[in-house]
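Keep in mind that the numbers below use all heavy atoms, side chains included, and drop hydrogens, waters and symmetry copies.
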Amino acid sequence: MPDFIIYFGPWELVLTLAALAGATALVVWGVQWLGQNQQRRRLLEGLPYPAMLFHNGRLRAQNAPAADWRANLDVQALARDSWRRGQDILRTIPAVEGQGFQARAIALPRGETLLLLEDLAAAQRQQAFYRNFIQNVSHELKTPLTVIQGHAAKMGDVPDDRESWLASRRIIADEAKRLTQLVDNLLTLARLESPAFTLERAPLNLAALLEEAVLQVSDVAEERKLSLSLNVSPGLPRLNGDRARLKQVVLNLLDNAIKYTPANGSITVAALLDQADGGCRVVCSVQDTGEGIPPDDRPYIFDKLYRARRTGGRPVEGSGLGLTIAQEIIQAHGGEIGVESELGRGSTFTFTLPC
């Protein structure tokens with residue numbers, strides 16, 4: 001067999017090294033390009049509103065909320081205008097039923113354009129909600145502070161009328177307690193709504209939790225001449241939940257029931273296992289024979305600082321945050337909470353927890 005001799009000179013070495021360098025650069029560029037694409041997609045998917053990425057005026061990526069906008073001609077024209085001019089553009093784009101979206105096209109390097117869409121009506125509703133929320137909080141804080149200032153001035157340095165002085169001291173203590181409760185509820189709600197909030201889950205005995213909550217409020221119920229009973233079905237499974245938070249829910253519901261049930265009324269706490277449709281959940285209820293909730297108020301009672309009107313013009317008690325906190329906690333556990341009520345015949349608050 002004849003021998004083959006391959007000559008590998010300087011030029012061949014240079015060409016080989018150049019080819020290897022080119023191949024390495026191509027691989028590195030490809031990896032970087034894939035990494036950048038993944039970063040872009042993660043960025044887009046992390047945005048709660050419609051977001052789209054264009055390259056040279058053509059759509060390259062979008063998040064789920066922008067799915068209905070990919071064929072919108074106004075959006076495409078805005079992206080092309082921003083790319084051609086090389087500048088940011090802000091424009092209002094009409095949508096269905098007169099709804100408007102504010103579209104912001106942001107010119108990026110290398111011919112890319114990021115387009116963001118914001119629902120103007122939703123933004124206006126959010127702004128109105130927070131304005132109303134701040135006004136309500138300010139009012140809730142101002143009222144007890146005014147009462148405290150007035151009675152503090154009335155007390156003076158030396159108690160001329162001891163009974164009046166003791167009454168003012170009691171009122172100041174009650175209003176300070178009310179302020180503390182309001183601030184505590186606001187802080188609790190802020191923690192519950194924080195993205196960093198997590199439940200401290202552990203196996204728990206719901207029947208024992210309900211019994212503990214009922215015993216905790218039994219003295220107050222007795223003072224108000226209310227009968228308090230507990231009805232738990234046997235064989236309830238242990239749940240995986242945050243015991244302290246769930247107890248807070250039950251206490252909030254019991255507190256409302258006690259406040260709005262007249263003397264000689266009754267409050268019943270119940271829990272049962274529901275395995276309908278192949279599922280498994282525990283249904284817990286707090287039923288009272290109190291005043292009931294007006295029909296116009298029922299859709300809003302879980303809103304922040306909303307307090308239902310009382311019959312006979314009686315003062316409304318509480319801060320209006322207890323039910324909001326209860327709803328946040330139950331939803332964080334994957335459950336639901338609701339109410340059924342009839343004026344003059346009482347209310348039943350019911351929440352569910354998955355097994």
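- Sequence neighbours left out, the pairs with a member in residues 324-355 that pass disulfide bond (SG atoms under 2.5 Å apart) are Cys280-Cys355.
- Just one of Val217, Asn256, Leu246 meets the side chain to side chain contact (heavy atoms under 4.5 Å, CB included) condition when paired with Leu251; it is Val217.
- Judged as a salt bridge (Lys or Arg N to Asp or Glu O under 4.0 Å), the pairs with a partner in residues 263-274 (not counting sequence neighbours) are, in order, Asp274-Arg281.
- Side-chain contact check for Leu236 versus Val232: some heavy-atom pair is nearer than 4.5 Å.
- Under the side chain to side chain donor-acceptor pair (under 3.5 Å) criterion, Glu328 pairs with no residue, sequence neighbours left out.
- A salt bridge (Lys or Arg N to Asp or Glu O under 4.0 Å) check over residues 76-92, counting only residues at least two apart or in different chains, returns the pairs Asp81-Arg91.
- Partners of Glu212 by side chain to side chain donor-acceptor pair (under 3.5 Å), not counting sequence neighbours, listed by chain and number: Arg243, Lys247.
- Residue pairs meeting the side-chain hydrogen bond (donor to acceptor under 3.5 Å, both in side chains) criterion with at least one partner in residues 331-343, sequence neighbours excluded, are Ser341-Ser347.
- None of Asp255, Leu228, Ile258 except one satisfies the side chain to side chain contact (heavy atoms under 4.5 Å, CB included) rule with Val220; the exception is Ile258.
- The two residues Pro262 and Gly290 have their closest heavy-atom pair at CD-CA, 3.8 Å.
- Within the structure, disulfide bond (SG atoms under 2.5 Å apart) contacts touching residues 232-277 (residues at least two apart or in different chains) do not occur.
- The two residues Val286 and Ala257 make their nearest non-hydrogen contact at CG1-CB, 4.3 Å.
- Every pair tested for ring pair (Phe, Tyr, Trp, His ring centres under 6.0 Å) that includes a residue from residues 270-292 fails, sequence neighbours excluded, so the list is empty.
- Qualifying side chain to side chain donor-acceptor pair (under 3.5 Å) partners for Asp74, counting only residues two or more places apart in sequence or in other chains: none.
- The two residues Ala79 and Thr113 make their nearest non-hydrogen contact at O-OG1, 3.9 Å.
- Checked against side chain to side chain donor-acceptor pair (under 3.5 Å), Ser229 has the following partners two or more places apart in sequence or in another chain: Thr268.
- Listed by chain and number, the residues in a side chain to side chain contact (heavy atoms under 4.5 Å, CB included) with Ser266 are Ser227, Thr289 (sequence neighbours excluded).
- A donor-acceptor pair is defined here as one N or O able to donate and one able to accept, closer than 3.5 Å; no such pair exists between the side chain of Arg60 and the backbone of Phe54.
- Cluster note: Leu272 groups with Val283 through ILVMFWY side-chain heavy atoms spaced under 4.5 Å, whether in direct contact or through intervening members.
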